[in-house]
Amino acid sequence: MSGTIGFTLNGRPVTVSARADDALLAVLRGTLGLMATRFGCGAEACGACMVLVDGVPTNSCTLEIARLAGRDVVTAEGLGTADAPHPVQAALLDEQAGQCGYCLSGIQIAAAALLARNPDPARAEVAEALAGNFCRCGAHNRIIRAVQRAGRMMRGATP
Amino acid sequence: MNAPVLPASLRDNPRPAQWIGFEAEGRVRLATGKVELGQGILTALVQIAAEELRVPPARFRTVSGETDAAPEEGFTAGSQSVEASGGAIRQVAAEVRARVLAAAALRLNCAPSALEVADGRIVQDGAPTALDYWTLADAVDLERPAEGTAALTPPEAFRYIGAALPRVDLPGKVFGGGFIHDRVPDRLLHARALHRPWPGAVLGALDEATLSRVAGGPVGLVRLGDFAAVTAETEALAGRAHEAAEARAAWSGGSPRAPVPSEPLALVGAEATERLLDIPGRATAAPAVARIAARYLRPYLAHGSIAPSVALALWEDGRLTVETHSQGVGNLRIALAQALGIGTEAIIVRHRPGAGCYGHNGADDVALDAALVARARPGRWVRAQFTRAQELSVVPFGSAMVVDLAAELDAAGRPVSWAMEVFSGTHGQRPGHNGRMNLLAAEALAGAEPTPPAPDVPDAAGFGGLRNAVALYDLPPQRIMHHLVARPRLRTSSMRGLGTHGNVFALESFIDELALRAGEDPLAYRLSLLSDPRARRVLEAVAEMSGWAGRPAGGDGVGWGIAFSRYKNRAAYLAAVVELVAEETIALRRVWCAVDAGLVINPDGAANQIEGGVIQAASWTVKEEVRVDADGSLPASWEAYPILTFPEVPEVFVRFVGSAGDPSLGLGEAAVGPTAAAIGNAVAHALGVRVREMPLTRERVAAALLG
């Protein structure tokens, strides 16, 4: 059942040995040591494990690695770093949009995908785009403001 | 002169070196027994230390919740950390500064009053000297107990306290990593435990060979009585092995659960310890012309953390080291020692950040899982993690509650008698509470005694089931009966606010009912019964913020509700107004909160806590309910236990109206009661009928409309 699968991860080609039915999340954290993508429920319900697959926000907790051959995967690490943050990451810090922070990686992914297609979303549009991301601490309004702020940054408008 | 009274945490941990140290490269170590739960406490404590030491926050390194390296301060709970740890740190930091200035004065042959500190450097009459905290570190005795005599910085001189300092821990969490979940020591062994599906369940045989074959790799099994855990070299294999073990586990005996029509109502008439609380009140001569009574229900609630609980443990040469996201490392250490039959001196427990924590969740239980496996596999770090199903179904719940209220009214609609009855399971079964282990796996070990009924949280700690049962209004004597149910159907313990959610929902709904019956504005009615000026101020402020006077007439589906409480009757005052639309479902639109928390250390962090408390309580109030399913099971997925999602979240507006001259008041849990009641009152305003049972679901609203 084990085999070698190649795909693009955060802009670079990677090849991993894995069981075909290993979840992408397990490969990211266990094999590749990328810890931003987080386990929340294992049932595609909470969004803590979201990554972009060919630009589409996708829960990685049940996504079989075999289905990723040749595809493009971006994790929160691939969006930006502390030195070169993605506008969503910068805006989350600007708005202090988090409490425990466990949900924020998946939210970055969903928000980045939203802003890529709509850099000027209304509150309801942001909320709809984040409908699959749970936050238990109640930082929702700050997160929504941060996503809108990131959109303004991307449009070159005053944040 | 009387001896100064030290803050309690400083009395317990009197050596300044326990709190503060001057380290290489101009760093300051700040150690605290309180832990970061996502509430921003470390940032607030750094602000306090920075203020009194005159050192900018960026120089600090925090050590938090480590039994071998931080002061012991009990649980990080009950909205007490700023008051308790913050109070101690403020005093001890001021004293450290004074001792260093005294040492500097000797070196410089001047009076200490000629010296001050700026960014850690000693300044003499405004001019820099060659001395600083670090060069003087050896000349100052930080082992000598604090005396509590150092003068504190007055509020008008604050630079860091009261500023919206960004969270010190948030960048690490935004850019990946930073959680206990992310720790991968060398040769880590992954473990997943099986926990009893119902009390007293007996586990049948399991074997390693079958589990290894099904999971597709070598799997170990640790079996101790009715506790079992699988182990594997990778997390993925451990997960598959656990699934296989769950599927093959044959549970028998014990007390399986059966569904009941209403979990809260099952508390009424159950075996209970009863206690009457008589609260003095104003005498009244007005005759009673009417009596009204109402019953309010709250369901069992789940913590619903976004992450499953995790712990790491290493057993080496008879000594145990545990990493945990527990709220109380010292108490967990005691409970682990009991469970493992070893001395506490053989155990080190260190806090590491987990996902949001709102009370006694699974952190402690999974720590014992990890410790039990580590003892069976000595010399390796073991990482135990709950499944999502376990995170929702085996960790303690917030207790269901039934609250009955009755009042006799005079001709003006004011109470002339007041009686309340509260039925609830305990709100306090933390590890180490009352000398008990209260750890899940401990009860499944061979020879374990069944856990006896637990007492509730002591009155001095702000009550458990009776938290906020005493109304702050100018009422006749309040007669409050507490029925502490001995064996609630689910395992209950501390969850954000304890009894305050059920009690304030009931009290503030009832007050609203009295106002409507009197034909008065609910705000005006409350103010007519409220003489505490700080209570009046938050109500008046929230009315002004929200535009209460211009609210719609109600009855057409759009509703506005107001509610108030002072958390624990001694922490922050909070009044809330909720705007919602009640049609097929309840759509929350906006929530306003006015808060008096005295001196607010970090206004943005404090607002974040209030906002979060509003949203979490809103989720509890309109959506959440733990029920026993037809097959006897508890909710095991988010599908079975839905919480408020982004599109359902109201906008929240927070204003602090207290004075910086008043002592800091705990606020992390202040919003949950008023939010629940304001939602209930807004539903009543929107529809003209009242729903007295939480959660306020579509079915209950429809049933109320049908009458």
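Labels below follow one simple rule: chain letters A, B, ... track the order of the sequence lines, proteins then strands, and each chain is numbered from 1.
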Colleague: As an exercise: rank Glu648(B), His303(B), Gln39(B) by heavy-atom pairs under 4.5 Å with chain A and give me the winner.
Modeller: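 Highest number of pairs under 4.5 Å: His303(B).
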
Colleague: Of the backbone (N, CA, C, O) and the side chain (C-beta and beyond), which part of Ala131(A) lies under 4.5 Å from a heavy atom of chain B, both, or neither?
Modeller: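 Both the backbone and the side chain of Ala131(A) come within 4.5 Å of chain B.
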
Colleague: Which one, Ala26(A), Gly33(A), Gly40(A), Cys46(A), leads in non-hydrogen pairs under 4.5 Å with chain B?
Modeller: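 Max contact count across the listed options: Gly40(A).
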
Colleague: Does anything in residues 385-395 of chain B reach chain A? List residues with heavy atoms under 4.5 Å apart, or say none.
Modeller: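 Answer by number: Gln385(B), Arg388(B).
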
Colleague: With only heavy atoms counted, which part of Ile143(A) is less than 4.5 Å from chain B, the side chain, the backbone, both or neither?
Modeller: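 For Ile143(A), the side chain is the part near chain B, not the backbone.
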
Colleague: Between the main-chain N or O of Ala139(A) and the side-chain N or O of Glu611(B), is there a donor-acceptor pair closer than 3.5 Å?
Modeller: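 Not at all, since once roles are kept as given, no pair shorter than 3.5 Å links the two residues.
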
Colleague: Of the non-hydrogen atoms in Leu644(B) and His140(A), which two are nearest, and what is the gap between them?
Modeller: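 Where Leu644(B) meets His140(A) most closely, the heavy atoms are O-NE2, 4.1 Å.
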
Colleague: Please state whether the side chain, the backbone, both or neither of Ala636(B) comes within less than 4.5 Å of a heavy atom of chain A.
Modeller: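 For Ala636(B), no heavy atom lies under 4.5 Å from chain A.
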
Colleague: Given heavy-atom pairs under 4.5 angstrom as the criterion, report whether the side chain, backbone, both or neither of Val184(B) touches chain A.
Modeller: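 Looking at Val184(B), just its side chain touches chain A.
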
Colleague: Report yes if the side chains of Leu170(B) and Leu104(A) come closer than 4.5 Å at any heavy-atom pair, otherwise no.
Modeller: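 In short, these two side chains touch, coming nearer than 4.5 Å.
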
Colleague: What residue, out of Gly172(B), Pro308(B), Ala236(B), has the most heavy-atom pairs lying under 4.5 Å from chain A?
Modeller: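 Heavy-atom pair counts peak at Pro308(B).
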
Colleague: Ignoring hydrogens, what is the shortest heavy-atom contact between Gln96(A) and Arg167(B)? Give both atom names and the distance.
Modeller: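 Minimum heavy-atom contact is OE1-N, 2.6 Å.
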
Colleague: What distance separates Phe653(B) CZ from Asn141(A) CG, expressed to the nearest 0.5 Å?
Modeller: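 Reported value, rounded in 0.5 Å steps: 7.5 Å.
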
Colleague: So what's closer than 4.5 Å to chain A heavy atoms on Pro353(B): side chain, backbone, both or neither?
Modeller: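 For Pro353(B), there is no contact with chain A at all, as no heavy atom is under 4.5 Å.
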
Colleague: Using a 4.5 angstrom heavy-atom cutoff, name the option from Gly30(A), Gly98(A), Pro85(A) with the most pairs to chain B.
Modeller: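 Top option by heavy-atom pairs under 4.5 Å: Gly98(A).
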
Colleague: Which region of Gln108(A), side chain (C-beta onward) or backbone (N, CA, C, O), has a non-hydrogen atom less than 4.5 Å from a non-hydrogen atom of chain B, or is it both or neither?
Modeller: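 Only the side chain of Gln108(A) comes within 4.5 Å of chain B.
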
Colleague: Heavy atoms only: give me the nearest Arg19(A)-Ala215(B) pair and the separation to one decimal.
Modeller: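 Residues Arg19(A) and Ala215(B), closest heavy atoms: NH1-O, 3.5 Å.
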
Colleague: How long is the gap from CZ on Arg29(A) to CG on Asp182(B), to the nearest 0.5 Å?
Modeller: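 Rounded to the nearest 0.5 Å, the CZ-CG separation comes out at 4.5 Å.
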
Colleague: As a quick check of understanding, evaluate side-chain contact (heavy atoms from CB on, under 4.5 Å) for Arg240(B) and Asp22(A), giving each step before the final call.
Modeller: CA-CA 10 Å; Arg240(B) 289 196 299 271; Asp22(A) 273 346; 3.3 Å; yes

Colleague: Side chain, backbone, both or neither: which part of His190(B) has a heavy atom under 4.5 Å from chain A?
Modeller: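 Nothing of His190(B), per the 4.5 Å heavy-atom cut-off to chain A.
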
Colleague: Between Leu93(A) and Pro166(B), is any pair of side-chain heavy atoms under 4.5 Å apart?
Modeller: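 No, their side chains stay 4.5 Å or more apart.
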
Colleague: Do side-chain atoms of Gln99(A) reach the backbone of Asn608(B) as a donor and acceptor pair under 3.5 angstrom?
Modeller: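 Yes, because the side chain of Gln99(A) sits within donor-acceptor range (under 3.5 Å) of the backbone of Asn608(B).
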
Colleague: Nearest 0.5 angstrom please: Glu44(A) CD to Glu639(B) CD, how far?
Modeller: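 Going from CD on Glu44(A) over to CD on Glu639(B), the span is 11.5 Å.
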
Colleague: Is there a side-chain contact between Met35(A) and His181(B), using heavy atoms and a 4.5 Å cut-off?
Modeller: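 Counting from C-beta outward, Met35(A) and His181(B) never come under 4.5 Å.
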
Colleague: Provide the closest heavy-atom pair for Gly176(B) versus Ala36(A) in the form atom of the first, atom of the second, distance.
Modeller: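 Nearest pair, atom of Gly176(B) first, then Ala36(A): CA-CB, 3.6 Å.
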
Colleague: Does any backbone or side-chain atom of Ala82(A) lie under 4.5 Å from a heavy atom of chain B? Answer side chain, backbone, both or neither.
Modeller: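 The answer is both parts of Ala82(A).
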
Colleague: Side-chain contact, heavy-atom cut-off 4.5 Å: Phe646(B) with Ile107(A)?
Modeller: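 Answer yes - side chains close enough.
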
Colleague: Counting heavy-atom pairs under 4.5 Å to chain A, which of Ala307(B), Cys357(B), Ala617(B) comes out on top?
Modeller: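 Among the listed options, the one with the most contacts to chain A is Ala307(B).
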
Colleague: Is Gln616(B) close to Arg136(A) at the side-chain level, that is, under 4.5 Å between some pair of heavy atoms?
Modeller: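 Sidechains of Gln616(B) and Arg136(A): in contact.
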
Colleague: Is atom CZ of Arg155(A) surrounded by more than 12 heavy atoms (other residues, nucleotides or ligands) closer than 6.0 Å?
Modeller: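 Counting neighbours around CZ of Arg155(A), more than 12 heavy atoms of other residues, nucleotides or ligands fall under 6.0 Å, so yes.
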
Colleague: Heavy atoms only, distances under 4.5 angstrom: which of Arg123(A), His86(A), Glu128(A) has the most pairs with chain B? Name it, please.
Modeller: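 Of the options given, most contacts go to Arg123(A).
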
Colleague: Closest approach of Gly101(A) and Phe179(B), non-hydrogen atoms and distance?
Modeller: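 In terms of heavy atoms, the two residues are closest at C-CZ, 3.7 Å.
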
Colleague: Any idea which heavy atoms bring Ile306(B) and Ala48(A) closest together, and the distance?
Modeller: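 Of all heavy-atom pairs spanning Ile306(B) and Ala48(A), the closest is CG2-CB, 4.4 Å.
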
Colleague: Contact between Lys173(B) and Leu92(A) at the side-chain level, heavy atoms closer than 4.5 Å - yes or no?
Modeller: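 Not touching, per the 4.5 Å side-chain cut-off.
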
Colleague: Please round to the nearest 0.5 Å and tell me the distance separating atom SG of Cys135(A) and atom CD1 of Ile643(B).
Modeller: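 Cys135(A) SG to Ile643(B) CD1: 8.0 Å, rounded to 0.5 Å.
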
